[in-house]
Amino acid sequence: MFTLSDDKYITAFSAEAVPVLRVPDGATVAVKTQDCYMNNLRAENDPRGAAKGPAVGCNPATGPIFIEDAMPGDTLACDILSIDAGEYASMRISSRAGFMRDRVTEPIVRCVPLRDGRAELAGVSMPLDPMIGVIGVAPERGAIDTATPGAHGGNMDARLITAGTTLYLPVHHEGALLALGDVHAKMGDGEMCICGLECPATVTLRVRVIRGRQEKWPVLKGTDGSFSILASGATLDEAAKLAADGMLDFLARRAAVDVNELILLMSLICHLEVCQVVDPLITARVRLEGGAMPELDF
Ligand code: CA
Ligand code: CA
């Protein structure tokens, strides 16, 4: 197994980023990740938590990892084998950012211990459900900062990217240049306050190259066999339509069913859901129910 330490990170996905690890197709890699605040917010009500922007960190993504044999036009399948959250998580809110910023009356930084698979906040105990906030490859063109989601993946903050799932990313550059970080020990759909339980973590994943075909957007195969198209746009409306179009294209390439029939079917067995509404672009997903079309695979 390969390992990668969390001091090797990028703050933008780009074909220009210099790989810090080369692995063969099929390799398993244990990747340590910093939290989105670069592990800086460890004290309750740290005043830096109220600062706007990167005062306490910049959403570092560990990598990039060069996957041998991954070429433009391919898909990189990432089997998420495990996500081990650290021993604490941080959160912050302020009136400057987030979907609920207009309702925030004072900035808060919370440091929450993670013990026995649970966390407690405001007297409410809850089970953890670790997920990866940032995971992506070099985008087709230019550089995209690790705070922004897109067709390359990035800061999608999709709650469903958990252990046991497979994420399919479109490869646009040799080696793919995979990087990941921003693990949340728990997050609700929408990520309304602007963060989840932000924690350092170790993510173990296997990378596989699927040659000669790809989808436009990242695709997630869920633990229940569902398939989600993860699309990002300037507004929730735009992201939702992009995800729906992505699902129709995904289905049309795989099912010998007339496109109009597929649109009827989508209205029954596909679900339009929200990943996050707080990043520079909004991310929505359309999820095909697990088991609804059992013959269908990536
Ligand atoms: Ca995030
Ligand atoms: Ca985050």
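In each ligand, atom 1 is the first atom listed, and ligand 1 is the first ligand listed.
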Picking from I65, V31, V23, what satisfies side-chain contact (heavy atoms from CB on, under 4.5 Å) with F2?
V23
With the Ca ion (ligand 2) as the apex, the OE1/NE2 angle for E198 and H184 - to 10°
90°
Co-members of V277 in a cluster of I, L, V, M, F, W and Y side chains, linked at under 4.5 Å
F99, M100, M192, I194, L236, V274, V278, I282
When you measure from the centre of the six-membered ring of F298, is the NZ or CZ of R254 under 6.0 Å away and within 45° of the axis?
yes
3.0 Å cut-off met by an N, O or S atom of D157 to the Ca ion (ligand 1):
yes
Considering only distance and modelled atom types, tabulate donor-acceptor pairs under 3.5 Å from the side chains of residues 125-145, sequence neighbours left out.
residue, atom, partner, partner atom, Å
S125, OG, R118, NE, 2.9
S125, OG, R118, NH2, 3.3
D145, OD1, A147, N, 2.8
D145, OD1, T148, N, 3.3
D145, OD1, T148, OG1, 3.1
D145, OD2, T148, OG1, 3.3

In one Ile/Leu/Val/Met/Phe/Trp/Tyr side-chain cluster, 4.5 Å: I269, I229:
yes
Which atom name does D182 have for its N/O/S atom nearest to the Ca ion (ligand 2)?
OD1
Closer than 3.0 Å to the Ca ion (ligand 2), do we get an N, O or S atom from C36, backbone or side chain?
no
Do any N/O/S atoms of N155 come under 3.0 Å of the Ca ion (ligand 1)?
yes
